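Residue numbers begin at 1 in each chain, while the letters A, B, ... track the order of the sequences. What you see is a predicted model; the values in this text were computed from it and never measured.
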Amino acid sequence: MTKDEIFEFFRRLAEDNPAPETELEYGNAYQLVVAVALSAQATDVGVNKATRKLFAEVETPEQMIALGEEGLKEHIKTIGLFNSKAKNVIALSQMLIDEFGGEVPDTRDALVKLPGVGRKTANVVLNCWFGQETFAVDTHIFRVGNRTGLARGKTPEQVEAKLEKRVPQPFRLHAHHWLILHGRYICKARVPECWRCPVVDLCAFKQKVLQPPASRAKAPK
DNA sequence: ATCCCGAGGG
DNA sequence: CCCTCTGGAT
């Protein structure tokens, strides 16, 4: 995509959704870190279902430690990878207490030291809570970047580096959300809904799906 | 059978 | 680089 096409790409996504937000539910920075750490290989809907009850009881790292690893597992059993996530969230909470005064740090270097927090999760926290112009490349953004030609790369880090270079102002702060929501609801993994895509004419994808698949609804016998 | 706002370990 | 962790939705 050319510079002008990239600008137009985001202009249209912004027009459809002027103030995009995370669909993860949280009440403070700590809960955001936990929610994002829980979201690996899980849907936001599934994570919210579990955290709704969890976050009513747990608002601080101290309260999470009090709940304990087994108690936490009961809350997140319906989410994938719950054993390792429970262990990480407890360890992460303890580290916040011991090394960060119970507060969520505002730098990527510090965030990545937390167990269960990698570059992607750190970028989400920096963007959503601290308002930094980071580009957290998750499965959706990786797919959308590569498909459209906006930002291609073999690894999420490569895609992130290209977004960092190419996404212009005034779109940098919300680019992360526009791309993720676009990937979740239109540029889907299995069948991208190109027939209703607002940027289809700017997209380089060779296998565009320009018509809705025929309905699978069975005809009455 | 495939995918979901990945990270850690080998 | 690869593998493993994992339930729920489609």
Side-chain angles (χ1 to χ4, degrees), chain A residues 13 17 20-26 29 31-54 69-70 72-93 95 108-130 132-147 150-151 153-160 163 167 173-193 207 209 212-218:
Chain A
L13 295 186
N17 191 353
E21 290 178 19
T22 328
E23 296 190 332
L24 287 171
E25 297 169 7
Y26 61 95
Q31 290 182 340
L32 173 62
V33 173
V34 174
V36 181
L38 293 177
S39 71
Q41 296 298 297
T43 61
D44 281 9
V45 175
V47 173
N48 288 337
K49 199 175 292 181
T51 56
R52 215 115 57 191
K53 290 177 74 174
L54 174 65
E69 190 172 324
E70 293 308 314
L72 176 55
K73 277 186 191 177
E74 288 307 312
H75 281 276
I76 65 173
K77 272 226 188 303
T78 54
I79 306 178
L81 316 181
F82 64 91
N83 274 309
S84 54
K85 285 175 184 176
K87 179 181 281 190
N88 283 148
V89 168
I90 294 297
L92 161 170
S93 302
M95 189 180 288
R108 179 153 47 216
D109 284 347
L111 285 167
V112 168
K113 287 178 185 165
L114 300 170
V117 177
R119 186 182 181 88
K120 182 257 163 181
T121 298
N123 279 338
V124 173
V125 173
L126 291 172
N127 181 259
C128 294
W129 189 262
F130 294 107
Q132 297 186 27
E133 294 171 358
T134 56
F135 302 87
V137 178
D138 69 339
T139 180
H140 297 297
I141 298 184
F142 186 75
R143 181 179 65 249
V144 171
N146 276 296
R147 262 188 192 161
L150 171 67
K154 284 170 261 175
T155 66
E157 287 74 17
Q158 290 175 11
V159 172
E160 182 184 337
L163 289 173
V167 180
L173 181 61
H174 295 302
H176 162 240
H177 285 304
W178 282 314
L179 291 171
I180 196 169
L181 294 172
H182 182 64
R184 184 177 296 163
Y185 296 115
I186 295 180
C187 196
K188 298 181 181 181
R190 293 181 172 105
V191 183
E193 301 183 1
Q207 306 166 51
V209 183
S215 172
R216 299 257 174 111
K218 289 178 182 172

Please report the distance, rounded to the nearest Å, between [atom1] in [X] and [atom2] in [N].
X      : N     : atom1 : atom2 : answer
A/I141 : B/dC3 : CD1   : P     : 18 Å
A/I79  : C/dT6 : CD1   : P     : 12 Å
A/L81  : C/dT6 : CG    : P     : 7 Å
A/D138 : B/dA7 : CG    : C1'   : 14 Å
A/K73  : C/dT6 : NZ    : C1'   : 12 Å
A/E21  : B/dC5 : CD    : C1'   : 15 Å

Using only side-chain N and O atoms of [X], determine if any of them is under 4.0 Å from OP1 or OP2 of [N].
X      : N     : result
A/R143 : B/dC3 : no
A/K87  : C/dT6 : no
A/H140 : B/dC4 : yes
A/N88  : B/dG8 : no
A/T43  : B/dC5 : no

Over all strands shown, is [X] touching base, sugar-phosphate only, or nothing at heavy-atom distances under 4.0 angstrom?
X      : value
A/K85  : nothing
A/V117 : sugar-phosphate
A/T121 : sugar-phosphate

>> Assess the residue pair A/H177 and A/C128 against the criterion (side-chain contact (heavy atoms from CB on, under 4.5 Å)); give the C-alpha distance rounded to whole Å, side-chain angles, the decisive distance to 0.1 Å, and a yes or no.
In response: CA-CA 9 Å; A/H177 285 304; A/C128 294; 3.4 Å; yes
>> Side chains of A/E23 and A/S39, heavy atoms from C-beta outward: is any pair under 4.5 Å?
In response: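 No, every pair of side-chain atoms sits at 4.5 Å or beyond.
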> Are A/N83 and A/K73 side-chain neighbours, meaning at least one heavy-atom pair lies under 4.5 Å?
Replying inline: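 Yes; the side chains approach each other to less than 4.5 Å.
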>> Judged by each residue's nearest nucleotide on DNA chain B, which is more toward the 5′ side, A/A189 or A/G118?
In response: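 Going by which nucleotide is closer to the 5' end, it is A/A189.
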>> Which is more 5' along DNA chain B, the nucleotide nearest A/A42 or the one nearest A/V112? Just name the residue.
In response: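 In this pair, the answer is A/A42.
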>> Let's go through A/R108 and A/Q132 carefully: what are the C-alpha distance in whole Å and the side-chain angles of both, what is the deciding distance for side-chain contact (heavy atoms from CB on, under 4.5 Å) to 0.1 Å, and is it a yes or a no?
In response: CA-CA 11 Å; A/R108 179 153 47 216; A/Q132 297 186 27; over 6 Å; no
